[in-house]
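All figures in this text were calculated on a predicted structure; none of them were measured in a lab. First the proteins, then the strands, lettered A, B, ... as listed; each starts at 1.
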Number of protein chains: 2
Amino acid sequence: MRELIDKYKGQGFKMTPQRLAILKYLEGNTSHPTAEDIYKDIRKTYPTVSFATVYNTIETLCKRGDVMEVTIDPGRKHFDPNPAPHHHIICTSCNTIGDVFVDYSSALNLPESIRREYAVSGNHVDFYGICKACRGRKHDLKKT
Amino acid sequence: MRELIDKYKGQGFKMTPQRLAILKYLEGNTSHPTAEDIYKDIRKTYPTVSFATVYNTIETLCKRGDVMEVTIDPGRKHFDPNPAPHHHIICTSCNTIGDVFVDYSSALNLPESIRREYAVSGNHVDFYGICKACRGRKHDLKKT
DNA sequence: TATTATAATAGAATCGTTCTAAGTTGAATG
DNA sequence: CATTCAACTTAGAACGATTCTATTATAATA
């Protein structure tokens with residue numbers, strides 16, 4: 001807790017109870033939550049919290065580089081509190097998202113034609129598969 | 001034109017003028033248009049076309065496997081009429097999307113820990129960079 | 001502890017997308 | 001050809017995620 005508070009102390013980040021709750025929820029969280037996931041959790045402690053607070057706080061954290069937006073789900077944004085570059089694997093049955101910590105930069109050679117057109121700055125890989133839990137299930141159980 | 005009509009003849013795909021216009025717009029199109037891009041173009045010929053028709057037709061084409069949904073832009077869906085597996089490169093300045101026709105499957109080795117958890121079925125790489133046109137510009141010109 | 005810039009809140013607004021209900025039409029059939 | 005009807009088109013309503021607005025509250029600071 002103290003570490004979290006210290007991390008954000010100073011330079012115009014006003015620490016409020018709501019923000020602290022969001023930071024605590026996100027710290028070490030590998031579930032790639034949506035704004036709604038965060039909202040629902042914070043509401044347990046702060047029943048009057050608004051979506052605006054969740055979105056505003058996420059936006060601030062994204063600008064600080066502490067949270068990354070994950071564009072995988074066509075329906076809504078997911079957020080990843082791990083700012084270290086990494087990749088994702090999505091279960092095509094239940095839609096849960098896992099992390100892949102491998103640097104593929106040297107493996108992802110681009111053809112000359114592309115390198116002529118673009119000054120390439122980064123890459124991100126999405127893997128698709130079926131997770132263990134889903135393989136052990138008869139019917140798909142999409143996470144809503 | 002004839003080829004297009006023949007391609008879709010039979011098995012319950014009713015060819016309408018609007019659908020033909022959408023198919024013509026999409027054929028060989030590498031611009032990764034949004035529903036709105038398609039709508040605006042079709043409206044030039046069919047001013048009363050509705051978004052529902054665009055979305056319905058895209059959905060039908062996606063189900064047939066002739067069009068792929070591209071989940072790169074957090075704000076809206078883009079569509080790719082090239083169903084062959086390939087990757088994308090996004091200009092972080094103007095947001096335009098290019099194609100990368102390289103099969104990286106053998107280069108994208110997953111760690112044992114992931115392979116234990118997932119039956120992996122596919123992958124997709126997003127590259128990021130600045131396109132030539134944007135490098136020749138002083139200020140960013142985001143495509144809206 | 002007074003000040004003030006920043007944040008929280010409720011609710012309205014917006015945007016992309018999906019749904020609905022009614023009217024229309026392509027194409028299969030006689 | 002004319003008939004039939006499932007499939008399509010349409011306008012507009014509905015929806016869900018996100019953003020905005022106006023007001024009130026509060027953390028940080030001096």
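The pair K24(B)-E27(B) fails the salt-bridge criterion, with no side-chain N (NZ, NE, NH1 or NH2) lying under 4.0 Å from an Asp/Glu carboxylate O. Look at K40(B) and E36(B) and you find a salt bridge, because one of the NZ, NE, NH1 or NH2 atoms lies within 4.0 Å of a carboxylate O, short of that distance.
The base of dT26(D) is paired with the side chain of K14(A) by a donor and an acceptor separated by under 3.5 Å.
The listed nucleotides are dC19(C), dT9(C), dT19(D); the one nearest the side chain of T53(A) is dT9(C). Side-chain atoms of Y55(A) lie closest to dA17(D) of the nucleotides dG26(C), dG12(D), dA17(D).
Residues Q18(A) and T34(B) each lie close to DNA chain C; by heavy-atom proximity, the contact nearer the 5' end of the strand is made by Q18(A). Each of F13(B) and T48(B) was matched to the nucleotide of DNA chain D holding its nearest heavy atom; the match closer to the 5' end belongs to F13(B).
One interatomic measurement links the two molecules: CZ of F51(B) to P of dC8(D), which rounds to 20 Å at whole-angstrom precision. Atom OH in Y8(A) sits about 18 Å away from atom C1' in dA28(D), given to the nearest Å. Remark: P of dT9(D) and CZ of R19(B) are 5 Å apart, rounded to the nearest angstrom. Straight-line distance from the NE2 atom of H78(B) to the C1' atom of dT17(C): 14 Å, rounded to whole Å. Put simply, CG on D73(B) is 14 Å from C1' on dT17(C), counting in whole angstrom units. Remark: C1' of dT29(D) and CE of M15(A) are 17 Å apart, rounded to the nearest angstrom.
In this structure, CD1 on I42(A) lies 10.5 Å from OG1 on T53(A), to the nearest 0.5 angstrom.
Geometrically, R19(B) engages F13(B) in a cation-pi contact, judged by NZ or CZ lying under 6.0 Å from the ring centre and within 45° of the ring axis.
Among the protein residues, T16(A) comes within range of the sugar-phosphate backbone only, with heavy atoms under 4.0 Å from sugar or phosphate atoms but none that close to a base.
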